2 protein chains.
Amino acid sequence: MENYSEDLDGVFQALADPTRRAVLGRLGSGPASISDLAAPFAMALPSFMKHIRFLEESGLIRTAKEGRVRTCSLERARFSMVEGWLSEQRAVWQARTDRLESLVLAREEFLRDQEKKEKDK
Amino acid sequence: MENYSEDLDGVFQALADPTRRAVLGRLGSGPASISDLAAPFAMALPSFMKHIRFLEESGLIRTAKEGRVRTCSLERARFSMVEGWLSEQRAVWQARTDRLESLVLAREEFLRDQEKKEKDK
DNA sequence: CGAATAGTTTTCCATAAGGCTAAGTATCAA
DNA sequence: TTGATACTTAGCCTTATGGAAAACTATTCG
């Protein structure tokens with residue numbers, strides 16, 4: 001994927017809003033219609049719809065219309081993008097730790113050598 | 001925490017930009033100065049500084065100035081906020097799965113009962 | 001001291017985000 | 001067929017974001 005980074009932008013930004021996170025939380029326990037989802041929020045429907053569209057464009061949810069009702073559902077796979085990024089980060093941290101460790105080991109070895117030479121004198 | 005949600009907003013939004021993610025990636029392998037961090041980006045310094053301040057306000061990095069150099073370093077603890085949110089979500093999914101499972105089990109039991117009554121007739 | 005270095009402050013700009021109201025457009029139900 | 005339901009579209013407003021240039025401050029080096 002060449003637009004991996006842009007996708008991440010979208011996913012993280014979608015998650016950067018409490019309304020949208022709440023919607024995702026709700027969808028975690030099963031699909032729901034727009035008005036069901038909107039009910040808990042003191043917000044005009046068109047404003048709420050923007051959040052839904054944002055979530056859909058980020059790929060975190062899917063929506064489908066049947067009759068006059070649009071049903072939204074979670075796209076769980078998309079969440080793994082976040083997990084993926086997190087583990088990349090941890091991998092970098094780990095690599096650093098490993099480098100530091102080998103430095104320490106090298107230094108310890110050096111010190112032992114010094115000591116030995118001192119004794120052999 | 002009462003501002004847990006706002007903190008999450010900040011963290012996710014900080015992550016929603018490729019420049020900032022790259023900086024975090026770089027800091028993963030150790031602290032660095034502003035100009036070191038800025039070097040890879042074709043961006044005026046003041047623009048870059050905004051990203052640094054954003055990252056600092058989100059709590060994902062710490063910075064300290066010594067002489068004329070400001071050194072930035074990762075605040076790894078902050079990353080666990082994201083992991084925390086992810087596991088909350090997974091917990092919701094799991095709860096749903098459990099409910100569905102018990103429904104299925106209940107239905108199976110019901111069907112067995114029906115069958116038995118049928119036989120006992 | 002004087003110049004180069006490393007940030008910092010200020011001001012400006014265009015676009016995106018999040019919210020609103022008002023006015024559509026399709027279903028569905030009586 | 002009329003009315004209610006369930007969204008949609010369109011337009012408007014304010015604030016936040018990501019970027020830039022110009023000018024300033026504080027260190028450090030020769």
Side-chain angles (χ1 to χ4, degrees), chain A residues 3-27 30-74 78, chain B residues 3 5-27 30-74:
Chain A
N3 42 2
Y4 169 69
S5 182
E6 282 175 31
D7 286 356
L8 260 187
D9 288 1
V11 167
F12 278 126
Q13 208 179 338
L15 297 178
D17 178 282
T19 302
R20 290 191 293 257
R21 282 197 307 276
V23 167
L24 292 174
R26 167 64 187 74
L27 288 178
S33 73
I34 299 277
S35 22
D36 282 358
L37 290 172
F41 303 98
M43 188 186 295
L45 232 223
S47 313
F48 184 77
M49 287 287 299
K50 280 196 192 175
H51 289 298
I52 297 292
R53 244 172 271 129
F54 204 137
L55 283 169
E56 190 172 16
E57 275 162 26
S58 77
L60 286 164
I61 70 171
R62 242 172 314 107
T63 84
K65 199 164 183 177
E66 251 195 74
R68 55 185 168 172
V69 174
R70 179 174 295 277
T71 301
C72 308
S73 55
L74 222 53
R78 204 63 168 171
Chain B
N3 41 4
S5 182
E6 282 175 31
D7 285 357
L8 260 187
D9 288 0
V11 168
F12 278 127
Q13 210 179 339
L15 296 179
D17 178 283
T19 301
R20 291 192 292 257
R21 283 198 306 278
V23 167
L24 292 174
R26 167 64 186 72
L27 287 179
S33 72
I34 300 278
S35 22
D36 282 358
L37 290 172
F41 302 97
M43 187 185 301
L45 233 222
S47 312
F48 184 78
M49 287 288 298
K50 280 197 192 175
H51 290 298
I52 296 293
R53 244 173 269 129
F54 204 136
L55 283 170
E56 191 173 16
E57 275 162 27
S58 78
L60 287 165
I61 70 171
R62 243 172 313 107
T63 84
K65 199 164 180 176
E66 251 195 73
R68 56 183 170 173
V69 175
R70 179 175 296 277
T71 302
C72 308
S73 56
L74 222 55

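This structure is a prediction, so every number in the text was calculated from the model and none was measured. Numbered from 1 within each chain, the chains take letters A, B, ... in sequence-line order.
- With sequence neighbours left out, B:Pro40 forms a side-chain contact (heavy atoms from CB on, under 4.5 Å) with no residue at all.
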Short heteroatom pairs, N/O only, protein and nucleotides 4-6 of chain C, under 3.5 Å:
| from | atom 1 | to | atom 2 | distance (Å) |
| --- | --- | --- | --- | --- |
| C:dT5 | O4' | B:Arg68 | NH1 | 3.2 |
| C:dT5 | O2 | B:Arg68 | NH1 | 2.6 |
| C:dA6 | O3' | B:Arg68 | O | 3.1 |

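- Per the geometry, CG belonging to B:Asp9 stands 13 Å off P belonging to D:dA16, to the nearest Å.
- A residue-by-residue look at A:Glu66 and A:Thr19 shows that A:Thr19 has its nearest nucleotide of DNA chain C further toward the 5' end.
- Stem regions annotated for DNA chain C: C:1-30 with D:1-30, counting only runs of 3 or more consecutive pairs of Watson-Crick or G-U type with both contacts under 3.5 Å.
- Partners of B:Arg21 under the side-chain contact (heavy atoms from CB on, under 4.5 Å) rule, at least two apart in sequence or in another chain, are A:Ser5, A:Leu8, A:Asp9, A:Phe12, A:Trp85, B:Pro18.
- A straight line from CD of A:Glu56 to C1' of D:dC7 spans 14 Å, rounded to a whole angstrom.
- Under the side-chain contact (heavy atoms from CB on, under 4.5 Å) criterion, A:Arg68 pairs with no residue at all, not counting sequence neighbours.
- The interatomic distance linking A:Asp17 (CG) with D:dT15 (P) rounds to 18 Å, in whole Å.
- Base contact: A:Ala44 has a heavy atom under 4.0 Å from a base atom.
- Atom pair B:Leu15:CG and D:dT17:C1' shows a separation of 16 Å (rounding to whole Å applied).
- Annotation for B:Leu27 and B:Ala32: closest pair CD2-N, 3.8 Å, computed over non-hydrogen atoms.
- Proximity of A:Ser47 to the phosphate of C:dG18: no side-chain N or O atom is located under 4.0 Å from OP1 or OP2.
- If you measure from atom CD1 of B:Ile52 to atom P of D:dG19, you get 13 Å, rounded to the nearest angstrom.
- Distance alone, capped at 3.5 Å, is enough to place a donor-acceptor pair between the B:Asp17 side chain and the B:Arg20 backbone.
- In terms of heavy-atom proximity, B:Ile61 sits nearest to B:Ile52 at CD1-O, 3.8 Å.
- Scanning for side-chain hydrogen bond (donor to acceptor under 3.5 Å, both in side chains) contacts around A:Glu56 gives A:Thr63, with sequence neighbours left out.
- One finds no side-chain N or O of B:His51 lying less than 4.0 angstrom from the OP1 or OP2 phosphate oxygen of D:dT17.
- Take A:Arg78 and apply the salt bridge (Lys or Arg N to Asp or Glu O under 4.0 Å) test, not counting sequence neighbours, and it matches A:Asp7.
- B:Arg62 meets the salt bridge (Lys or Arg N to Asp or Glu O under 4.0 Å) test with B:Glu75; sequence neighbours excluded.
- Looking at B:Leu37 and B:Arg26, their side chains come closer than 4.5 Å, going by heavy atoms from C-beta outward.
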List, with names and distances, any nitrogen or oxygen atoms from the protein found under 3.5 Å away from nitrogen or oxygen atoms belonging to nucleotides 9-17 of chain C.
none

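- Every residue meeting the side-chain contact (heavy atoms from CB on, under 4.5 Å) condition with B:Met43, not counting sequence neighbours, appears here in chain and number order: B:Thr19, B:Phe41, B:Ser47, B:Phe48, B:His51.
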